[in-house]
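Heads up, the thing below is written out as structure tokens.
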Amino acid sequence: MIRRMCFFGVIAALTFRSTGLFAADWSVTPFAPFNKLFHTRSGWIGADGDYSVALTNDTTLWLFSDTFIGEVRDGIRVNARMINNSVALQHGKDPARATVQFFYGKSVDDKPAALITPVDGHGWFWLYDGVLTKRGLFLFLMQIERSGGNSVFDFTHIGTWLGHVVNPFDTPAKWRITQKRIPHETFSAEETRLFGSAVFQDGGFAYIYGTAEPKGKGKSMILARVPTDNVDEFAQWRFFDGTNWVAGHTKAALLCPGIANEYSVSYQPSLGKYILIYTENGLSPTILARLSDKPFGPWGDPVTVYQCPEAGWGGKIICYAAKAHPELATSPDELIVTYATGSTDFWELANDARIYWPQFLKIKFSGKAKP
């Protein structure tokens, strides 16, 4: 249910001078107008995950994982039901003028339900990143089931799937979607490997980022690539071994330690660099950035982007899933970032409607990155 997390706080606008990563000053501020756009009072009333895909220059698709459907009254979620995933369409980039439509499914008894469910009937899907191609929209779907116990962390990954939406420009309620199991995965007592944590198109390729977690060693970035229009041709996937692109997902090198399950990679025009945004170790007070000259690295040293204030509100509140949304930028020196907020106490999610929304930040860069 809740995963990929952070702690601590910075309030209002701050300006950071980097220690070797950026040549010039840059600033980060909470982006309140976007927060307001997503803080709804009825229907869709909060979620985590918070991936986005540009469908057109003016339309952004949002992909959410666990989602509350209900009402917010006096700062409390009431008549609320949690479903495993939902999506939204945002029309416009200016939050003062933009509109957002939310979509989810219905159960046989007409109750809110996940929009996308596993075709094999096992567990549920959390929605990871997606990529729009000439053949349609491809979505990376993490298949999850409960592992027993009462903790919000009592879940386990059991599979990774690729959803193919052939009509992505129709309303999500009318999507025609097929699912294929991704064979490039490892779920064993010794190691977990999966792909879909981030997707980035560059030079005719879709770069598909993931995580590897050898037993007791924490998560690291791993990377595959495939021609963009052949994302679902799994035999064409090649994996970066640190030097070359090779067959066999177990040969993918560990590229960045301390990575989260969810992150983003994008190109930052004002810096002339690729930028990685993530929550440190997935459970951390800190959102980090790294830069690279290439989408496959090597990645520079991490620099702190932001310290999340919500976790200072109480010992059970957590922040996680930081990632960038470059399609929302309105200038080359801007980057929009979100992170998720939640709690290790499920009932606190319902009783504190300040949390469990996408929290928006705006980063402004000044000057070029160092060579």
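As the structure is a prediction and not an experimental result, all values here were calculated from the model.
By the 4.5 Å heavy-atom criterion applied to side chains, Phe187 and Thr156 are not counted as neighbours. The shortest distance between side-chain heavy atoms of His122 and Ile158 falls below 4.5 Å. Two residues are said to be in side-chain contact when any heavy atoms from C-beta on lie closer than 4.5 Å; Trp161 and Glu185 fail this criterion. Counting heavy atoms from C-beta outward, Ile208 and Phe138 have side chains that stay 4.5 Å or more apart. Annotation: side chain of Leu162 is not in contact with side chain of Gln179 (no heavy-atom distance under 4.5 Å). Considering only heavy atoms from C-beta on, Leu37 comes within 4.5 Å of Val100 through its side chain. By the 4.5 Å heavy-atom criterion applied to side chains, Ile222 and Arg193 are counted as neighbours.
Relative to the ring axis of Tyr51, Lys323 places its NZ or CZ within 45° and under 6.0 Å from the centre. Note that Arg77 lies outside the cation-pi zone of Trp44, set by a 6.0 Å cut-off to the ring centre and a 45° limit from the axis. Under a cutoff of 6.0 Å and an axis angle of 45°, Arg225 and Phe205 form a cation-pi pair.
Ring pair His164/Trp175: centre-to-centre distance not below 6.0 Å. For Phe195 and Tyr209, the ring centers sit 6.0 Å or farther from each other. Aromatic pair Phe296/Tyr274: centroids not less than 6.0 angstrom apart. Between Tyr278 and Tyr263, a ring centre-to-centre spacing not shorter than 6.0 Å is recorded.
Judged by distance alone, with hydrogens and angles left aside, the side-chain atoms of Ser270 form no donor-acceptor pair with the main-chain N or O of Phe365 at under 3.5 Å.
The pair Asp170-Lys174 does not meet the salt-bridge criterion, since no charged nitrogen lies less than 4.0 angstrom from a carboxylate oxygen. With salt bridges taken as basic N to acidic carboxylate O contacts below 4.0 Å, none links Asp241 and Lys251. A salt bridge does not link Glu348 with Lys316: none of the charged nitrogens is closer than 4.0 Å to a carboxylate oxygen.
Taking the six-membered ring for Trp and thresholds of 30 and 60 degrees, Phe38 and Phe102 have ring planes more than 60 degrees apart, a perpendicular arrangement. Taking the six-membered ring where the residue is Trp, Trp126 and His157 present perpendicular rings, their angle passing 60° and hence far from 30°.
Residue pairs meeting the salt bridge (charged side-chain N to carboxylate O under 4.0 Å, His left out) criterion with at least one partner in residues 113-141, sequence neighbours excluded, are Arg135-Asp232.
Remark: Asp74 CG is loosely packed, at most 12 non-hydrogen atoms of other residues, nucleotides or ligands lying under 6.0 Å away.
Looking at residues two or more places apart in sequence or on another chain, you find a side chain to side chain contact (heavy atoms under 4.5 Å, CB included) between Pro112 and Ile69, Arg81, Ile83, Tyr104.
Screening Cys256, Ser264, Pro295, Pro302 for a side-chain contact (heavy atoms from CB on, under 4.5 Å) with Leu276, the sole residue that qualifies is Cys256.
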